[in-house]
Amino acid sequence: MNSYEYKEAVEKSLSAGNFHEAFRLLRVMLSADSWRLRDALDAAEEDYSRIIDFALSGAPDPGRGEQISALATRLYSILDMLLRESLVADHSSLYFNVVRTLRMRRGENLPRLLDDYSRSAAALGSFFGGKANDAERRKTEELEEQIFDRIWTTTPLTFDEIAAIKNTMADDVIGDGAKSLIVGALTMSLLQFFSEPALRLLLDFAVPGSSVEIQARATVGAILVMARWPRRSNTPAIAARIAALRELGQWQQSVRHAIMQIIRTADVEAITAAMRDEIIPEMMKLRPDLERHIKESGFDPADMEANPEWEEMLNKSGLTDRLRKLSEMTEAGGDLFYPVFSMLKNYPFFNHISHWFLPFNASRLEVRRSLGHDAALELMLEESPVMCGSDKYSFALSVDRLPEVQKQMLMSQIGEAASHGNILSTSTMSNGEALTVAITGYIHDLYRFFRLFRRCGEFSNPFDRLINPVAIPELAGDFCEPDQVRLLGEFYFKHKHFAEAVDLFRTLQPDLELHQKMGHALQRMGRLGDALVEYERAEMLAPESEWTLKRLAQISKALGNHRKALDYYSRLEKIHPDSASVAMQMGHCHLELNELREALHYYYKAELLDEKSTKPLRPIAWSAFLNRDFETSERYFRRILTELTPTPSDYLNMGHLALAQGNVREALNYYSLNSTDPEAIAAAMREDLPLLERAGVDVSLIPLMLDSLRYRSRTF
């Protein structure tokens with residue numbers, strides 16, 4: 001077995017409680033020089049032997065469950081280290097490239113890097129503050145990158161490393177930019193290899209009282225890590241940390257908002273499609289007129305209210321309505337700017353992984369060079385709550401390449417999006433509002449990293465799978481109230497994540513609406529039998545619900561139970577005796593049941609109730625044919641030819657009618673119109689052979705007709 005196969009086997013053994021097999025497999029994975037891991041494994045097996053001995057003694061042991069859980073955590077950690085070591089030598093991913101590079105820097109360690117950074121930040125007066133020269137700033141930025149790489153690729157963290165991180169995070173001289181990188185690096189490390197101490201550390205930074213930015217990032221990071229490792233993060237120590245966070249307040253609200261925003265990332269593709277297929281093409285059409293109008297009038301594109309001609313032009317094009325719709329999606333948490341800025345992530349700035357985790361700071365060297373000390377633009381980017389950090393960097397880095405008109409237009413759109421959200425500046429928000437905005441922005445930053453980073457394919461993308469917090473032990477407690485479970489289920493349902501919605505709805509006390517929604521979700525998933533059960537339960541609660549009766553009829557029909565479907569349509573007919581659509585459906589059911597007179601009765605009724613509709617023409621023509629009323633059938637087929645656009649099936653059926661009437665040559669002409677391939681016609685006729693016999697057709701003619709068609713097409 002290779003390393004990954006051993007990993008799966010060990011995890012399977014631990015899940016099954018077969019620790020003996022897990023120990024055996026781990027020992028096979030040990031290399032000759034893994035003496036530290038061998039010692040750790042020996043110690044773990046000794047502890048397991050003591051647990052077994054005590055259990056066999058018959059003495060009560062209320063702490064046994066926690067002991068076994070802690071032991072499993074230790075074995076998972078040993079497994080991770082063994083897997084990691086097996087890949088370090090020659091794995092080509094960025095992660096292991098960095099690991100190999102850092103191992104060559106023997107004099108460098110995390111506490112020393114953090115200490116150097118603290119001194120550098122103190123020398124600058126504040127994080128990128130003061131009037132330091134470019135060399136000093138660049139040195140500080142390089143230290144950031146080194147710290148990120150070191151934390152990201154170090155697992156497990158030692159006691160000294162954890163203490164150094166805590167000291168740095170508590171240092172008031174260090175700004176939120178550096179602290180955000182530390183939180184991001186911890187998150188990325190945990191997503192790569194789980195470590196309970198590292199997760200506990202991350203949760204420490206989610207405590208209210210930390211800066212809003214740090215609290216938001218730590219909360220989101222912890223959620224993604226627990227979703228990535230639900231079983232391994234389910235430990236007493238982690239549970240205790242989260243219980244303490246709940247007591248302090250804000251945790252539940254933050255978790256619920258973060259979960260909603262993570263789910264909303266599934267809408268990004270829809271927003272991107274709208275931008276790509278509607279907004280941008282329309283703007284390209286308007287561009288010549290806009291540029292001409294700007295040149296002639298000399299007005300400022302950013303001053304929308306002062307230029308009614310500008311607004312009128314957008315209104316006539318329909319672009320205003322589309323932009324308003326997208327702004328509403330943004331207000332609800334939709335990621336409007338992803339399609340705008342996804343193409344602006346190719347600057348060298350984005351080549352280093354740590355830069356994707358930086359809050360925007362106009363003092364960074366790359367930004368200062370691009371913006372050219374434009375104070376107004378710097379302030380707008382710093383204070384804008386509608387753009388995430390990486391998009392602000394994209395904008396800032398592209399400003400010096402944009403024509404002034406396009407620059408002003410983009411600034412105007414950003415301001416418009418912010419005003420639609422009724423939030424103009426991060427500095428005017430309450431703590432709760434700022435936390436919500438920070439959570440949303442960080443999720444957008446992470447989404448961009450996992451989709452757009454140059455080597456994003458090397459990482460397990462947490463956005464590729466929907467998060468169901470009820471299935472994550474440590475988060476389930478934040479969604480234990482029925483109202484919260486229902487809210488989340490409704491959210492999944494609204495965003496068309498039907499499987500997750502059904503799972504949540506099933507945990508609730510059912511009512512009419514829930515049965516209907518579960519039925520609809522199951523129907524959309526193609527689970528028609530299960531959907532039928534839910535609709536039947538809804539019918540028991542509201543027997544006269546038209547919505548439910550329609551679905552019951554539809555599914556019964558789809559499942560081939562036309563008699564049962566007919567019963568439901570009959571009940572709908574009593575509610576709406578003048579409904580042409582119900583009459584049509586009843587006709588279809590009778591036709592499937594071979595009740596031709598009844599089918600024709602309802603098709604004629606549908607035609608009478610809606611004289612403008614052409615829908616009854618085909619079923620009447622076909623039913624009359626099967627009923628051997630060839631005169632009526634021909635009359636309606638003639639109407640199909642003149643009033644509708646005939647389909648290949650129409651020509652096939654008209655050929656059948658002509659054949660039944662004895663008009664063989666006319667039948668051949670219609671069959672030729674059905675298809676130019678005689679074999680396709682032969683297959684269709686074989687399928688319809690029982691119907692032709694019922695209609696009195698001399699089926700002995702069919703082989704001769706088919707050969708005639710083959711001669712015509714010269715394919716015989």
Side-chain angles (χ1 to χ4, degrees), residues 84 93-105 108-121 124 127-128 137-158 160-162 164-169 171 174-193 195 198-199 201-202 205 211 213-214 216-218 220-222 224-225 345 347-361 363-367 388-390 393 442 445-446 448-450 452-456 458-460 462:
R84 188 173 183 269
S93 72
L94 177 62
Y95 179 89
F96 288 106
N97 287 344
V98 173
V99 171
R100 288 191 291 271
T101 300
L102 294 182
R103 286 188 175 183
M104 290 188 289
R105 300 176 185 170
E108 181 182 288
N109 59 61
L110 182 58
R112 183 175 298 172
L113 282 173
L114 291 171
D115 190 49
D116 290 346
Y117 186 82
S118 180
R119 284 197 299 271
S120 179
L124 290 174
F127 182 59
F128 287 133
R137 293 183 186 279
R138 186 58 203 150
K139 176 185 175 184
T140 308
E141 292 175 3
E142 289 174 351
L143 279 170
E144 288 176 12
E145 295 170 4
Q146 293 170 35
I147 289 167
F148 183 97
D149 287 347
R150 182 67 67 172
I151 295 175
W152 169 39
T153 58
T154 300
T155 185
L157 293 167
T158 65
D160 289 341
E161 288 166 339
I162 290 174
I165 290 172
K166 285 183 176 180
N167 290 337
T168 301
M169 295 295 287
D171 190 344
I174 308 296
D176 279 355
K179 292 176 181 178
S180 294
L181 283 181
I182 290 173
V183 172
L186 275 172
T187 300
M188 290 301 295
S189 176
L190 282 160
L191 290 174
Q192 191 89 27
F193 292 104
S195 165
L199 179 54
L201 183 62
L202 189 60
F205 303 143
S211 78
E213 191 68 41
I214 302 307
R217 288 169 179 252
V220 171
L224 294 179
V225 169
K345 303 295 187 205
Y347 295 104
F349 174 83
F350 292 108
N351 286 343
H352 197 281
I353 182 174
S354 67
H355 294 173
W356 294 80
F357 297 85
L358 275 170
F360 181 76
N361 191 310
S363 296
R364 286 197 65 89
L365 291 177
E366 301 95 326
V367 175
C388 64
S390 72
Y393 281 116
Y442 187 50
D445 273 326
L446 289 171
R448 282 150 179 71
F449 169 77
F450 284 106
L452 302 174
F453 180 54
R454 61 191 177 92
R455 302 182 72 163
C456 62
E458 298 176 6
F459 299 90
S460 175

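Only heavy atoms go into these numbers, but all of them, side chains included; no hydrogens, no water, no symmetry mates. Each residue takes its place number in the sequence, starting with 1.
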Taking the side chain as everything from C-beta on, heavy atoms only, tell me whether [X] gets closer than 4.5 Å to [Y].
X	Y	result
V367	N361	no
V183	K179	no
W152	L94	yes
V98	L102	yes
L190	S195	yes
L114	N167	no
N97	R455	yes
M169	F205	yes

Does [X] use its side chain to pair, donor to acceptor, with the backbone of [Y] at less than 3.5 Å?
X	Y	answer
Y442	G389	no
Y117	A178	no
D445	S390	yes

Straight-line distance of [X] [atom1] to [Y] [atom2], nearest 0.5 Å:
X	Y	atom1	atom2	answer
D149	E144	CG	CD	11.5 Å
S211	R217	OG	CZ	9.5 Å
L201	I182	CG	CD1	9.5 Å
L157	S189	CG	OG	6.5 Å
E213	S180	CD	OG	5.0 Å

Minimum heavy-atom separation for [X] to [Y], with atom names?
X	Y	value
D160	P111	O-CG, 4.2 Å
I353	M188	CD1-CE, 4.3 Å
S118	I174	CA-CD1, 3.8 Å
L186	I151	N-CG2, 3.9 Å
L202	A222	CD2-N, 3.6 Å
L358	G177	CD2-O, 4.1 Å

- Verdict with supporting geometry, K345 and R454, side chain to side chain contact (heavy atoms under 4.5 Å, CB included): CA-CA 9 Å; K345 303 295 187 205; R454 61 191 177 92; over 6 Å; no

- For R84, check salt bridge (Lys or Arg N to Asp or Glu O under 4.0 Å) against everything at least two apart and list the hits.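 By the salt bridge (Lys or Arg N to Asp or Glu O under 4.0 Å) rule, R84 matches no residue at all.
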
With the threshold set at 4.0 Å, does a side-chain nitrogen-carboxylate oxygen contact exist between [X] and [Y]?
X	Y	result
R137	E141	no
R103	E108	no
E161	R150	no
D116	R119	yes

- Task: Could you label the plane-to-plane angle of the F453 and W356 rings as parallel, tilted or perpendicular, counting under 30° as parallel and over 60° as perpendicular?
- Result: perpendicular

- Message: Once you measure the plane-to-plane angle for F148 and H352, does it fall in the parallel (<30°), tilted (30-60°) or perpendicular (>60°) bin?
- Response: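 It falls in the perpendicular class, over 60°.
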
- Message: Walk me through whether F96 and T101 qualify under side chain to side chain contact (heavy atoms under 4.5 Å, CB included).
- Response: CA-CA 8 Å; F96 288 106; T101 300; over 6 Å; no

- Taking the six-membered ring for Trp, are F357 and F449 ring centroids under 6.0 Å apart? yes

- Measure from the ring center of F349 to the ring center of H355 and say whether it is less than 6.0 Å.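 Yes; H355 has its ring centre under 6.0 Å from that of F349.
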
- Task: For Y393 and E366, run side chain to side chain contact (heavy atoms under 4.5 Å, CB included): C-alpha distance rounded to whole Å, both residues' side-chain angles, the deciding distance at 0.1 Å, then the answer.
- Result: CA-CA 9 Å; Y393 281 116; E366 301 95 326; over 6 Å; no

- Query: Do you see a donor-acceptor pair shorter than 3.5 Å between the side chains of K139 and S120?
  - Reply: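 Their side chains do not contain a donor-acceptor pair, so the 3.5 Å distance test is not met.
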
- Query: Given L110 and T154, is the side chain to side chain contact (heavy atoms under 4.5 Å, CB included) satisfied, shown in steps?
  - Reply: CA-CA 9 Å; L110 182 58; T154 300; 5.7 Å; no

